[in-house]
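Right, one structure below, let's go through it.
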Amino acid sequence: MNRMEKLKSEKEGLAVLSDIYVYAKRTIAEIPDDDLFRMRWYGFFYRKSQSSFMVRIRVPSGKLTSKQAEQVAYLAERYGDGTVAITTRMGLQIRKISLEHIPTVWETLQEIGLDTRQTGFDNIRNYMNCPVAGLQENEAFDASDVITELTRKTLGNPAYTNLPRKFNISVTGCHEDCGHSRISDIGLIPQVIYAENEFKEGFRVRLGGALGRFYAAAAEDLGVWLPKEQAVEFVLTVLELFRDHGKRTNRKMARLHHLKEELGLDQIREELNLRLSLPLIKMGVPLSKANHHDHIGIYRQKQKGFVYVGLTVPTGKMMAHQFRELARLATHYGKEDLRLTAQQNVIIPHILEQSLESFKKENLLKDFSYQPSVLLRGLVACTGKEGCDLALVTTKSAALNLVNELENQLKINRNELRIHWSGCANSCAIIQTGDIGLHGTDLEVNGKYVEAVNIYYGGEIGPNAKIGTLIREKVLVSDLTDTLIEILTDKKYFTGIELRKTF
Ligand code: SF4
């Protein structure tokens, strides 16, 4: 049994709550290592380099109210370092929370209907959905009710808090695959069929996607059509199959992907059929004609007279006062509704068309633009050295500098160019889905270790997502701009990019 399985078998992760209240009156050194780990079941991650905790907040479907955003901004200012970050799972993080303040932060979030449970370690992470669910004319249907029910059934439920490894789930009713089904352990994407004289809402099922330190795998279509009303039972059944049969001896081989590889899709279907109340309906895999959409910009909603506005939050990092201002805008112009995206951006829905001109003059839009540059629009970065003990390189600030330098030197005639940057090989910035993906490493130069990156190329997100491939290793961060200029202007890799002329 590996150390983590032993830790979980000795004490259930969620059982650490009462201890947290005791530890909050002591020092970090007095907390047993195993309980420091178990605190991740409550979303509190100890960061040794900062002698404080990062808290990760679930935001199912990325949907947040203005009041919740105001409180998160307050907590970040009062107990954190004054910043709030949007994660690539449509969640939020606050850093530098001291041990003594954890109970207050936990209770405040609970009071406003936000939860931090099961956001770390071997748990089901935040449920992903289309961030404009319920707003778009062309969505197949709104899948938010499935996510609400899954959250209700799994959060705080010990039946799902000791999985072999972490578990990512996306459920969308849109055709753009905003939830990243291809890199999810379970990805449900919509398919409406016509049967028995009526249209029926349901899903295609993808299983076994994973991006991580040791491998990157795209989820595979299970070859079934799932009625929408069976979706919750289906997801819970896959979770139970994984819980009971996933590999627990080697953590590198413990994701659903590995169980799928071991059993094969046919046997997975059979195993699920033995457990489900209704048998799965086998169906061929249709080709998707849709493209990915980041929802940045201004778009008409299906609700007549309303628009939603997608704003770029560079690398997902905001000052608390900016987050509070977003909440104010959502209240003043919208319906107190904010949406977080997997590209670390924010959407404000329900803005009356006649209020749009006044909305566009708001000062915050100078920081968070609805018409950003191509590179800023496609930029994703994890926490990196600024707040993660595992990071080998600085990411967020370095990524902004990189974009600046590239924009100074390149003319980019493309609508999209996505650079994703992770501080280590763990791929929290989902680097294998970027046009360019960077993951932090180091290189020994004259007896010293200096910051470097491995470079991936050709990843895609959306309906036709694919995993990028490694094209350069151990490039010094100090050489990164020049190396990327070389790659970006090479027609073998990209078109529509050239060097600016200098005179
Ligand atoms: Fe930390 Fe690595 Fe994840 Fe970045 S990718 S947040 S450095 S663990």
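Throughout, numbering of the chain's residues begins at 1 and tracks the sequence. Quick note: numbers below take in every heavy atom, side chains included, and nothing from hydrogens, waters or symmetry partners. Treat the numbers as computed from the prediction; the structure is a model and nothing was measured. Counting starts at 1 for both ligands and their atoms, following the listed order.
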Option passing salt bridge (charged side-chain N to carboxylate O under 4.0 Å, His left out) with Asp34 (candidates Lys8, Lys6, Arg3)
Arg3
Measure from NZ or CZ of Arg40 to the centre of the six-membered ring of Phe37 and say whether it is under 6.0 Å with the direction within 45° of the ring axis.
yes
Taking N, O or S atoms only and a limit of 2.8 Å, check whether Cys428 reaches atom 3 (Fe) of ligand 1.
yes
So, for His258 and Tyr215, is the gap between ring centers shorter than 6.0 Å?
yes
Near Gly423, which atoms of ligand 1 are under 4.0 Å from a heavy atom of that residue?
4 (Fe), 7 (S)
Which atoms from ligand 1 have a heavy atom of Asn426 less than 4.0 Å away?
2 (Fe), 5 (S), 8 (S)
Check each of Cys388, Cys424, Ala391, Ala381 against atom 1 (Fe) of ligand 1 and report the one with the nearest heavy atom.
Cys388
Contacting atoms of ligand 1, where contact means under 4.0 angstrom from a heavy atom of Ser422:
5 (S)
Which residue holds the protein heavy atom closest to atom 4 (Fe) of ligand 1, what is that atom called, and what is the gap in Å?
Cys382 SG, 2.3 Å
May I ask you to check whether Tyr457 and Phe494 place their ring centers less than 6.0 Å from one another?
yes
When you measure from the centre of the six-membered ring of Phe45, is the NZ or CZ of Arg56 under 6.0 Å away and within 45° of the axis?
yes
Applying side-chain contact (heavy atoms from CB on, under 4.5 Å) between Asn454 and each of Val475, Thr441, Ile471, Leu438, report the one that passes.
Thr441
Looking only at heavy atoms, is any part of Ser427 under 4.0 Å from ligand 1, and if so is it the side chain, the backbone, or both, or is it neither?
backbone
